[in-house]
Amino acid sequence: MSNRIYIFDTTLRDGEQSPGCSMNFDEKIRMARQLERLQVDVIEAGFPIASEGDFESVKEIAKQIRHCSIAGLSRATKTDIDRAWEALKHAAKPRIHTFIATSDIHLKFKLKKTHEQVLEDAIKAVRYAKSLCHDVEFSCEDASRSDIDYLCQIVEAVIAEGATVVNIPDTVGYAIPNEYGSIIKSLMDRVPNIDKAMLSVHCHNDLGMAVANSLAGVLNGARQVECTVNGIGERAGNASLEEIAMAVRTRSEAMNVTTNINTDEIYKSSKLLVSLTGMHIQRNKAIVGDNAFAHEAGIHQDGMLKNAITYEIMTPQSVGIKHSTLVLGKHSGRHALKQRYAELGYNLSHEEIEKAYTVFTKIADEKKQIFDDDLVAILQDEISAMNETYKLETFQVTSGLNLVPTATVGLKKGSEFFQDSATGDGPVDAAYRAIERITGISVELLDYSIKSVAWGRDAIGEVFVKIAIDGYVFNGRSASTDVITGSVKAYLNAINHAVGARYRKEKESLVRNEAQAV
Ligand code: KIV
Ligand code: ZN
C-alpha cells in the first residue's frame, strides 16, 4: 500500500457553510488560489445546488485552478449531480462528490427510508455520477454511527459502481480514535473490492478528536484525509489541515506516511482565511496560533537558547512563520518595503507597492515599530481598496459622557463627493448610520470585532465586520492605528463587497439577456 496521503481540503464547502465563515465570490477564488499554492490534492469548492453563488464560485474555481482536483458536493439525486457536474465540467481534474446518510438514526428520523432504499439510491447516484465524470467520491454520512455490516455492504456496492474514493465521515464528531480506527480497519479487511478505491476520513471536532480520529483512520489504511484550514467547519469544526500535515511531517517515523503539502504556505493560508472571514483562531491554537512558537517560561527560554530542540518539535519557519521582528521604520524606503514583502511571499506590482508605501509612511509616522503582521494587514487593506466603489474621504466624530455621539462622513463615488451626518449609540454606530444615509443601502450589522495585529499601545487594530443586505452576508475588514477609522473603513469595505456583488449579478444577467437575444 502506498504511503502517500491525499489531502482533500473542504474549507470552501464544509468550512464555508458554518456560521461566521461565509465568503463572497472573489474571496473564495483568492482562498482557492492559496490552497493551490499550499498544494492540497483536492479542493472541495462548494455545494453547487445549494445556491447560485455556490454554483458560480465552484464553476470559476474549476476553470481557474489547474493543479488540484476540484470537487463539488451533491446529494444522491440526479438533479444534484447534474448541477454539480455543470459547475465542475471545465475543471482539469473534476470530481463529483455524492453522499447519503447510512446510520439507522438518519435513516429513521431524517430520510425515512430502509437500508435497501438507501443502498439503491447510493448505487444509482454513483452509477449516474460515473457516467459523467471519471472521478467519483461517495460519502456515507454519519458512517461512524452506522451498522458496520451495512457499511461494508454499501461500500462494496459503490466501489462496484466505480466510486474512486469512499469517505467514512464521523459527521457528528462522536467517535474516539481506537473505535474510528477499527471502523476503517474492518472496511479494509472485510470489503472484497477495497483495493479498487481509496478510503477517506472526514472527522468533525465535537469532542475535540477530529485530528486524532483522522490519524487513527490513516494508521488503519485510509489514504485521503478531509480537513479545513484552521479547522473551520460545522459546529466545533473539521479536522485542521495544518495539524494533520504537521503531525504527519513531524512524526513521520510513527505515521510512516507523507503528504504533498507545501508546509511553507501553512501560516499564510491560515492568515488569509482569518482575514477573509473574520473568524479568529485562539492564541494557543496548534501550529498557527500566536503562541504556538512562543516560549515564555524562563526555564524554557534557557533551554531554547542552549538548543532549540529542547522545547521545539518543529520550527516556525517550517510552517512559513518568518520571525516577526522589528523590520522597518519611517526612514525605510520603497525598495526595503518591496524586498520585505517579497521575503514575506508577496511579489508586488509597481502600483501595489506605491499604494502600500503611501499607507506605510503614514503608519510609520504614528507607530515607531512596524512588524511583519502590520505589513500584511496594510497590504490586505490596499488590495481590497483597489476595487472599491465608495471611498472614504473624510469623517469626524464627536462623542463623550452625556453627549449624543455624532458623525459626519464624506464618501467619494467616482468623481462625485457625498457627505452626511447622523447620531447613534456610539461614534461607530453614528458613522455607520451616516454611511447608510449616503449610500441608501439598508444594512444589518451581524458581527463586529477588533483585534490588535502586533504589539504595543500603538498596535494596528484590525477590524472585522459582517453585514447582511437583502438577506445576503458580506464581510469587511480594515486595519488602522485608529480603531474608529478602522471600524468605518471595515464597514465600507463590506458595503463595497455588496455593491460589487450586485454589479456582477447585473452584468451576468445582461450577458444572459444578450445571449438569449442572439
Ligand atoms: O460531515 C459529513 O458527513 C459531511 C459529508 C457531506 C461528507 O460533510
Ligand atoms: Zn462534514
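One-based numbering, in listed order, for ligands and for the atoms of each.
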Query raised in the report: Does Arg223 count as lying over the ring of Tyr6, i.e. NZ or CZ under 6.0 Å from the six-ring centre, within 45 degrees of the axis?
Result: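 Here Arg223 fails the 6.0 Å and 45° test against Tyr6.
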Requested in this report: Using a strict cut-off of 4.0 Å, indicate which atoms of ligand 1 neighbour a heavy atom of Pro169.
Outcome: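 Near Pro169, meaning under 4.0 Å from one of its heavy atoms, ligand 1 has 2 (C), 3 (O).
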Report task. Give the atoms of ligand 1, by number and element, whose distance to some non-hydrogen atom of Glu141 is under 4.0 Å. Result -> 3 (O)
Query raised in the report: Is the count of non-hydrogen atoms from other residues, nucleotides or ligands lying under 6.0 Å from Arg4 atom CZ greater than 12?
Result: yes
Query raised in the report: Should the heavy atoms of other residues, nucleotides or ligands under 6.0 Å from NE2 of His134 be counted, would the total exceed 12?
Result: no
Mode of [X] contact toward ligand 1 - side chain, backbone, both, neither (heavy atoms, under 4.0 Å):
X	answer
Asp14	side chain
Glu226	neither
Arg13	side chain
His202	side chain

Query - Contact (N/O only, under 3.5 Å) between His204 and ligand 1 - result: yes
Report task. Please determine if Thr171 has a nitrogen or oxygen closer than 3.5 Å to a nitrogen or oxygen of ligand 1. Result -> yes
Requested in this report: Taking the Zn ion (ligand 2) as the centre, count the protein N/O/S atoms lying under 2.8 Å from it.
Outcome: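 Count of protein N, O, S atoms less than 2.8 Å from the Zn ion (ligand 2): 3.
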Requested in this report: Would you list the pairs meeting ring-ring contact (aromatic ring centres under 6.0 Å, His included) in which at least one residue belongs to residues 92-114, sequence neighbours left out?
Outcome: Phe8-His97
**Report entry** Sub-4.5 Å side-chain heavy-atom contact between Val473 and Leu446
**Finding:** yes
Query - Val229 and Leu35, any side-chain heavy atoms less than 4.5 Å apart - result: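 Yes, close enough: below the 4.5 Å cut-off.
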Query raised in the report: Is the closest basic N to carboxylate O distance between Lys451 and Asp290 below 4.0 Å?
Result: yes
Report task. Walk me through it: do Asp104 and Tyr150 pass the test side-chain hydrogen bond (donor to acceptor under 3.5 Å, both in side chains)? Result -> CA-CA 10 Å; Asp104 288 353; Tyr150 182 54; over 6 Å; no
Query - Protein contact of atom 7 (C) of ligand 1 - nearest heavy atom, named by residue and atom, plus distance - result: Ser139 OG, 3.6 Å
Requested in this report: Verify side-chain hydrogen bond (donor to acceptor under 3.5 Å, both in side chains) between Ser74 and Asp80, making sure each step is shown before the conclusion.
Outcome: CA-CA 5 Å; Ser74 64; Asp80 270 40; 5.4 Å; no
Query raised in the report: Can the ring centroids of His280 and Phe464 be said to lie less than 6.0 angstrom from one another?
Result: yes
